[in-house]
Amino acid sequence: MPVVRSVNVGRSQPAEWAEVGATSMEKLPVAEPVTVGAEGIVTDSQTDRRHHGGREQAVYVFAREDLDLWGSRLGVTLRDGQFAENLTTEGIDVNAALVGEQWRIGTVLLEVCSVRTPCNDFKNWMGVSGYDNARWVKRFTAEGRPGPYLRVLEEGQIQAGDEIVVVHRPDHDITVSTLFKALTTDRSLLPSLLGIERLGDKPRAVAEKYAATH
């Protein structure tokens with residue numbers, strides 16, 4: 001049974017290495033239920049609002065299985081929340097989820113709409129956390145397993161241990177990994193995104209710009 005292994009929240013803290021001089025990438029597990037509003041977990045901070053947060057980046061998800069994969073490559077054990085994910089999942093391949101796929105978790109209804117793209121802040125965060133961050137953005141990108149951003153269709157509450165119930169899978173084959181590949185390493189895939197009704201505005205804009213010039 002796929003479940004939420006951990007719900008992780010963070011607060012904004014000063015950070016010289018961050019682009020905006022502060023970060024909320026340190027997200028730590030909480031045991032109690034959290035309220036999820038239209039723009040994410042209400043007790044979670046999103047410091048760099050230009051690149052993070054908003055209705056189409058409301059909740060970031062990363063799989064425990066993928067944390068273990070990276071941990072084996074780094075020779076360490078990565079804690080839940082280390083990649084600044086709000087939900088650490090277990091028992092579901094979140095990167096095989098389809099864009100527009102809907103999940104019921106607790107009393108919240110969520111929808112896959114975008115993907116995380118690695119940035120220099122992510123690289124720096126791994127470094128200050130004590131991990132090997134050499135060529136981190138390239139290594140993370142090459143793996144093609146970024147974890148999805150979810151939009152909130154119905155607000156409510158989530159807590160660790162909640163089951164993840166897939167309630168809708170759309171009729172196309174664009175997965176989270178495929179979307180990430182289109183936005184990063186194989187831009188020839190971008191036109192295939194345009195027919196996806198529930199695609200987030202940011203990746204749609206990239207796809208439309210590409211299609212207009214090719």
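Note that the structure is predicted; figures quoted are calculated from it, not measured. Atoms considered below: every heavy atom in the structure, side chains included; atoms not considered: hydrogens, waters and symmetry mates.
- T107 contributes a side-chain N or O that, together with a main-chain N or O of Q157, makes up a donor-acceptor pair within less than 3.5 Å.
- By the 4.5 Å heavy-atom criterion applied to side chains, H168 and L153 are not counted as neighbours.
- With rounding to the nearest 0.5 angstrom, the CG atom of D171 is 12.0 Å from the CD atom of E197.
- Looking at every heavy atom in both residues, V59 comes nearest to G40 through CG2-CA, 4.4 Å.
- Interatomic distance, OG1 of T77 versus CD of Q82, reported as 11.5 Å (0.5 Å rounding).
- Closest approach of G147 and N95 over heavy atoms only: N-OD1, 2.9 Å.
- Residues N124 and M25 are not in side-chain contact: their nearest non-hydrogen atoms beyond the backbone lie 4.5 Å or more apart.
- Residue K181 places its NZ atom among 12 or fewer non-hydrogen atoms of other residues, nucleotides or ligands, all under 6.0 Å distant.
- Taking the six-membered ring for Trp and thresholds of 30 and 60 degrees, W136 and F140 have ring planes inclined between 30 and 60 degrees apart.
- Under a hydrophobic-cluster definition in which Ile, Leu, Val, Met, Phe, Trp and Tyr are linked whenever side-chain heavy atoms come within less than 4.5 Å, directly or via other members, V99 and V206 are assigned to the same cluster.
- Residue F83 forms a ring-ring contact (aromatic ring centres under 6.0 Å, His included) with just one option from F62, Y131, Y60, and that option is F62.
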Report task. Go through I92 and V3 one step at a time and tell me if the side-chain contact (heavy atoms from CB on, under 4.5 Å) criterion holds. Result -> CA-CA 8 Å; I92 182 173; V3 297; over 6 Å; no
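- Taking 4.5 Å as the limit, some side-chain heavy atom of L69 sits within range of a side-chain heavy atom of E143.
- Separation of atoms CD (E163) and CE (M1) is listed at 5.0 Å; rounding is to 0.5 Å.
- V115 is connected to Y210 through a chain of hydrophobic side-chain contacts under 4.5 Å among Ile, Leu, Val, Met, Phe, Trp and Tyr, so both are in one cluster.
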Requested in this report: Applying side-chain contact (heavy atoms from CB on, under 4.5 Å), run through R139 and N133 and close with a yes or a no.
Outcome: CA-CA 9 Å; R139 289 156 64 193; N133 68 347; 5.8 Å; no
Report task. Kindly determine whether V61 and L110 satisfy side-chain contact (heavy atoms from CB on, under 4.5 Å), including the steps that lead there. Result -> CA-CA 11 Å; V61 177; L110 301 157; over 6 Å; no
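- Atom CZ in R79 sits 9.5 Å away from atom CG in L67 (nearest 0.5 Å).
- Nearest heavy-atom pair, L179 versus P203, reported as atom, atom and distance to 0.1 Å: CD1-CB, 4.1 Å.
- A salt bridge links R198 with E111; the closest basic N to acidic carboxylate O contact falls under 4.0 Å.
- From R73, atom CZ reaches atom CG of D132 across 13.0 Å, with rounding to the nearest 0.5 Å.
- V108 and Y149 are not part of a single hydrophobic cluster, where members link through side-chain heavy atoms under 4.5 Å apart.
- Using a distance-only test at 3.5 Å, with no hydrogens or angles considered, no donor-acceptor pair links the side chain of R5 to the main chain of A63.
- In terms of hydrophobic clustering, with Ile, Leu, Val, Met, Phe, Trp and Tyr side chains grouped at heavy-atom distances under 4.5 Å, I41 and I158 are assigned to a common cluster.
- In this structure, the side chains of N8 and L28 stay at 4.5 Å or more apart for every pair of heavy atoms.
- By the 4.0 Å N-to-carboxylate-O rule, E154 lies close enough to R104 to be salt-bridged with it.
- Using modelled atom types, no side-chain atom of D80 and backbone atom of S6 make a donor-acceptor pair closer than 3.5 Å.
- Looking only at side-chain heavy atoms (C-beta outward), V176 and P146 come within less than 4.5 Å of each other.
- Between E56 and K202, every side-chain heavy-atom pair lies at or beyond the 4.5 Å cut-off.
- Between F180 and R116, the shortest heavy-atom distance links the atoms CE1-O, 3.3 Å.
- A side chain to side chain contact (heavy atoms under 4.5 Å, CB included) with L98 holds for exactly one of V166, I196, I174, T175; it is T175.
- Here the straight-line distance linking atom NE2 of H172 with atom OG of S192 works out to 10.0 Å at 0.5 Å rounding.
- In terms of heavy-atom proximity, R204 sits nearest to L194 at NH1-O, 3.2 Å.
- Linking Ile, Leu, Val, Met, Phe, Trp and Tyr residues whenever their side-chain heavy atoms come within less than 4.5 Å leaves W70 and L87 in two separate clusters.
- Residues D44 and S24 have side chains that never bring a donor and an acceptor to within less than 3.5 angstrom of each other.
- When all heavy atoms of A58 and V152 are compared, the pair lying nearest together is CB-CG2, 3.9 Å.
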Report task. Would you sort out whether V42 and V34 count as a side-chain contact (heavy atoms from CB on, under 4.5 Å), showing the intermediate values? Result -> CA-CA 7 Å; V42 298; V34 298; over 6 Å; no
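- For E32, the CD atom sits in a packed shell: over 12 heavy atoms of surrounding residues, nucleotides or ligands are nearer than 6.0 Å.
- Judged purely by atom type and a 3.5 angstrom limit, H214 has no side-chain atom pairing as donor or acceptor with the backbone of S188.
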Query raised in the report: Going through the checks in order, is the side chain to side chain donor-acceptor pair (under 3.5 Å) test met by T178 and D173?
Result: CA-CA 9 Å; T178 303; D173 61 357; over 6 Å; no
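- Only one option out of V165, L150, V167 pairs with W103 in a side chain to side chain contact (heavy atoms under 4.5 Å, CB included); it is L150.
- With hydrogens and angles disregarded, no donor-acceptor distance shorter than 3.5 Å links the side chain of N120 to the backbone of E19.
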